[in-house]
Amino acid sequence: MAPLLPLLYMSILLASCAKEPTSDAARFSIEAFDGYRVLNIQEAWNGDGEKHRWVLLDSTFNSELPDSLKNLPKIKTPVKKAVVLSTTSIAFMERLDLLEQIVAVENKNLIYSENVQNLPVKEVGSGNSLDLETIMILKPDIVLTFGTGSSIYDDYPRLKTANIPAVLTAEWMESHPITRFEWIKVFGVLFGKEKEADSIFVETEKKYNALAELAQSATKKPIVLTGYPQGSEWLAGGGKSYFARFLQDAGAKYIWESTDNTGTLTLNIETALQSGAKADFWLHPSLWTSKAEILQNDPRMTMINGKIYQSSKRIGKNGSRDFYEGAVAHPDLVLADLIFIFHTYILPQHKFVYYEPLK
């Protein structure tokens, strides 16, 4: 599975016949050749120094690969059967109408999508509990997983050792909503829906940019606090993080926008609360869903006077939140929600998709 909470989160010249990389995303590129492509992923997790590469073989490929590629893992495309261990991968597949290709997931109780809940899929666990035997019986064309750098949670090394075709996804490492969404192109190439993925990407990017342009017309930028307390510390996204960019594009001023962190900030809680007292809005207060619950868990939060919004509008019966699954594939809807929170008059007819005010 992909992390249920955000993980506060190449190029090699092969031959003169290679086309230009097809992506502007920071973490992946796809190089096209006659009958095959090479997928490159750079820094699949924080501190990852390896260049991850796969050869994607078209169904018509019947020649010989260059010597430089012969030892790389190979995936036959288009993929027909997939084991999906990342919930965000499910979101991309759902946008491309690919859910019927899923034969197994980590744990259905961790998945929001009702469409996946209704599929007759196996559950194979993840990390050290990964059920390799069941996966080998299923004979998938691909296993979609992710890496954290932990030998406890990562199953990619075990999949490689067992010669099971597996690809790492690292969209969660991107620091911009659009480059994160651009990973839909990887799924398009893998599953033979490249044109559909490119079309969806272009359309969504246009919607996102149009909304961001509207938000910049706002005369006032509200101050926004994010994160939550943990003991004597406050955890929040850095000023160069994925969500910080959402706030910028929504016409807001993030309290810690001047920090250079792309991942998580760990702050002294007293300092954080003093800053938070000046905020107009507080977003993502842990997983709390009411003001009473917040104060019951931490009375110090009375220092925060801003309006509180939580990404809890879409919660499944199993407690899973679509914000941490499907939102990655709908950055325009997330941005519209945020603009509606900060500048309601700009989108007066909007209805919340992911967010709701806490009462």
Side-chain angles (χ1 to χ4, degrees), residues 1-12 25-31 36-57 65 68-77 79 81-90 92-93 101-108 110-111 121-174 180 183 186-187 189-191 263-264 324 328:
M1 56 167 274
L4 291 180
L5 291 175
L7 293 179
L8 310 165
Y9 37 185
M10 192 178 304
S11 115
I12 292 184
R27 305 292 175 178
F28 81 85
S29 68
I30 301 171
E31 296 165 293
Y36 67 93
R37 303 176 194 226
V38 177
L39 170 62
N40 305 282
I41 295 179
Q42 178 181 335
E43 197 176 5
W45 56 85
N46 288 315
D48 175 28
E50 184 179 347
K51 291 181 179 178
H52 306 279
R53 306 166 69 209
W54 299 264
V55 177
L56 311 180
L57 299 172
L65 289 170
S68 59
L69 301 178
K70 287 182 178 179
N71 292 327
L72 294 183
K74 298 166 186 64
I75 306 291
K76 293 181 180 180
T77 61
V79 168
K81 293 171 61 179
V83 172
V84 182
L85 305 179
S86 162
T87 55
T88 48
S89 292
I90 288 171
F92 290 122
M93 292 179 69
Q101 317 288 61
I102 300 175
V103 295
V105 297
E106 177 195 352
N107 183 338
K108 289 176 76 170
L110 301 176
I111 296 170
V121 298
K122 300 286 186 181
E123 295 178 298
V124 295
S126 66
N128 285 343
S129 65
L130 186 69
D131 185 350
L132 284 176
E133 183 178 357
T134 295
I135 293 176
M136 287 188 281
I137 291 171
L138 290 170
K139 296 182 179 179
D141 300 315
I142 197 171
V143 177
L144 293 166
T145 187
F146 65 99
T148 65
S150 166
S151 59
I152 298 174
Y153 299 111
D154 290 354
D155 40 51
Y156 183 67
R158 293 181 63 203
L159 291 164
K160 283 182 66 177
T161 301
N163 292 318
I164 296 173
V167 168
L168 288 164
T169 58
E171 84 293 325
W172 61 277
M173 288 286 290
E174 303 285 357
R180 186 173 287 199
W183 279 73
V186 173
F187 292 83
V189 169
L190 288 172
F191 290 89
T264 306
Y324 300 121
V328 66

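Remember, it's a predicted structure, so these values are computed and weren't measured experimentally. Computation of the quantities below employed the complete heavy-atom set of this structure, encompassing side-chain atoms and omitting hydrogens, waters and symmetry-equivalent molecules.
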Inset, instruction - Classify the side-chain pair Asp155/Ser126 by whether it contains a donor and acceptor separated by less than 3.5 Å. - result: no

Legend entry - OH on Tyr156 to OG1 on Thr161, rounded to 0.5 Å: 10.0 Å

Inset, instruction - Quick one: pull up CH2 in Trp54 and NZ in Lys74 and give me the separation to the nearest 0.5 Å. - result: 13.5 Å

Legend entry - Short side-chain donor-acceptor distance under 3.5 Å, Ser86 and Thr88: yes

Legend entry - Donor-acceptor contact present, side-chain Glu50 to main-chain Glu43, <3.5 Å: no

Inset, instruction - Could you grab the distance from atom CG of Asp48 to atom CD of Gln42, nearest 0.5 Å is fine? - result: 9.0 Å

Legend entry - Which atom of Glu123 lies closest to which atom of Asn107, heavy atoms considered: OE2-OD1, 3.3 Å

Inset, instruction - Would you name the heavy atoms of Ile135 and Val143 that are closest together and state the gap between them? - result: CG2-CG2, 4.1 Å

Inset, instruction - Flag the pair Arg37 and Glu31 as a salt bridge only when some basic side-chain nitrogen lies within less than 4.0 angstrom of an acidic carboxylate oxygen. - result: no

Legend entry - Nearest heavy-atom neighbours spanning Pro165 and Pro140: CG-O, 3.7 Å

Legend entry - Over all atoms of both residues, closest heavy-atom pair of Thr169 and Leu144: CG2-CD2, 4.3 Å

Legend entry - Reported CG-to-OH distance for the pair Leu110 and Tyr324, which is rounded to 0.5 angstrom: 14.5 Å

Inset, instruction - Rounded to the nearest 0.5 Å, what's the gap from OG1 on Thr145 to NZ on Lys160? Could you check? - result: 12.5 Å

Legend entry - Aromatic ring proximity, centroids under 6.0 angstrom, Trp183 and Phe28: yes

Inset, instruction - Locate the shortest heavy-atom distance separating Leu168 from Gly147; write the atom from each residue and the value. - result: CD2-N, 3.6 Å

